[in-house]
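Accompanying notes for the structure given below.
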Amino acid sequence: MIDGGEAIRKLALNVARYTGLAPLAKPFIGGIGAILMLHRVTATPEKPDSVNRHLNIAPGFLDAVIADMKASGYAFVSMDEAVERIKAGGKGGEFATITADDAYRDNMTEALPVLEKHGAPITIYVAPGLINGTADLWWDVVEDVVSARDSLTLTRPNGPLTIDCSTPAKKLQANARLHAYLTSEVREEDLQAVLRDLAGSNGVDADGPRLRTLMSWNEIRSIAAHPLVTIGAHTINHSNLKRLSETDARHEIGAVRDMLQAELGEKPSHFAYPYGYASAVGCREVGFVRDAGYTSAVTTRHGVLRAEHAGFLHALPRISVNGRYQSLAHIRTMLSGVTTPLANAGKMVVTI
Ligand SMILES: [Zn+2]
């Protein structure tokens with residue numbers, strides 16, 4: 001899950017503004033390849049107007065993106081091969097690898113047929129806690145709570161806070177307020193308990209979103225056996241690692257490998273930082289992931305890959321295929337590399 005907020009809206013505006021420039025600029029600022037980031041892929045989202053709709057694209061759009069990229073010369077490769085190509089400085093031509101976070105069931109039912117059609121590999125990053133129920137898809141639960149009520153009261157140590165959810169505009173504000181509350185005021189360790197309290201006291205089933213939309217272990221085992229699929233690790237409990245102690249962060253990064261091996265029979269060698277933005281991953285976390293022995297790790301920082309990333313295999317940027325902007329022009333512009341420095345204060349090699 002990524003932040004759907006201001007940064008992405010600003011980037012989209014920049015994309016629109018620089019689209020005409022992209023083809024001219026590509027020879028100078030284009031990278032050696034790109035890691036595409038997906039979450040959900042479905043033609044029939046349960047809530048098409050969801051505040052989380054940036055997390056979903058239609059399978060037809062995925063098909064169009066892959067076809068367009070192939071036509072312009074991209075080879076679609078596995079994450080293992082992407083790492084080899086980065087280490088080789090991009091020799092062998094432009095490449096792309098597809099990733100999807102959180103293990104949504106529609107990755108199997110709606111994305112996989114498109115990937116099979118193109119022979120395009122995918123890495124799916126799994127957080128076992130989201131499958132077992134020791135962590136929640138809290139952003140979907142929050143949306144369910146806000147849409148169910150006209151008003152909410154949070155019980156906080158410094159006094160109760162009442163949030164107005166009576167109109168569509170107030171509901172948008174309430175979602176943003178609850179995101180801020182859960183990701184900065186509530187301790188990371190208490191997130192599930194506080195969320196479940198909030199859901200329970202407002203008549204919402206906190207298990208609903210993950211049971212409805214994520215794969216079961218049987219489904220993950222079945223997709224893991226597919227030749228196009230690699231399973232990666234996404235911590236145990238989809239934790240914001242920066243908000244945890246060193247001991248807890250190292251446990252979330254290390255023990256998830258054993259849990260996935262126990263369920264799937266194989267230790268994952270690739271990792272995705274939950275949230276992946278600056279307030280969830282920094283130098284400390286990258287060091288922990290390197291120490292744990294992973295081959296690669298991806299953030300949600302925006303950028304194309306460059307040869308220099310051979311030295312930063314545990315802080316690789318991605319290009320988010322964002323559900324709000326399902327246009328080939330946007331994707332082409334982002335792949336040109338023109339938005340990489342724009343979204344990163346002028347940096348061409350984006351790490352953390
Ligand atoms: Zn995630």
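Counting starts at 1 for both ligands and their atoms, in listed order. We use all heavy atoms of the structure for the numbers below, so side chains are in, but hydrogens, waters and symmetry mates are not.
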Contact flag Asp102/the Zn ion (ligand 1), N/O/S atoms, threshold under 2.8 Å: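 Yes, since at least one N, O or S atom of Asp102 sits under 2.8 Å from the Zn ion (ligand 1).
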Taking both backbone and side chain into account, is any N, O or S atom of His234 nearer than 2.8 Å to the Zn ion (ligand 1)?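 An N, O or S atom of His234 is closer than 2.8 Å to the Zn ion (ligand 1), so yes.
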Working to the nearest 0.5 angstrom, can you tell me the gap between Ile66 CD1 and His118 NE2?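 These two atoms lie 5.0 Å from each other.
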Partners passing side chain to side chain contact (heavy atoms under 4.5 Å, CB included) against Ala43 (at least two apart in sequence or in another chain):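 Testing Ala43 for side chain to side chain contact (heavy atoms under 4.5 Å, CB included), a comparison that skips the adjacent residues, returns Pro59, Glu110.
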Who passes side chain to side chain donor-acceptor pair (under 3.5 Å) against Asp68, sequence neighbours left out?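 Result, side chain to side chain donor-acceptor pair (under 3.5 Å) vs Asp68: Arg332.
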Of the N, O or S atoms in His238, the one nearest the Zn ion (ligand 1):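 Closest N, O or S atom of His238 to the Zn ion (ligand 1): NE2.
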Report yes or no: do Ser222 and Glu219 form a side-chain donor-acceptor pair below 3.5 Å?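 The criterion, which ignores hydrogens and geometry beyond distance, is not satisfied for Glu219 and Ser222.
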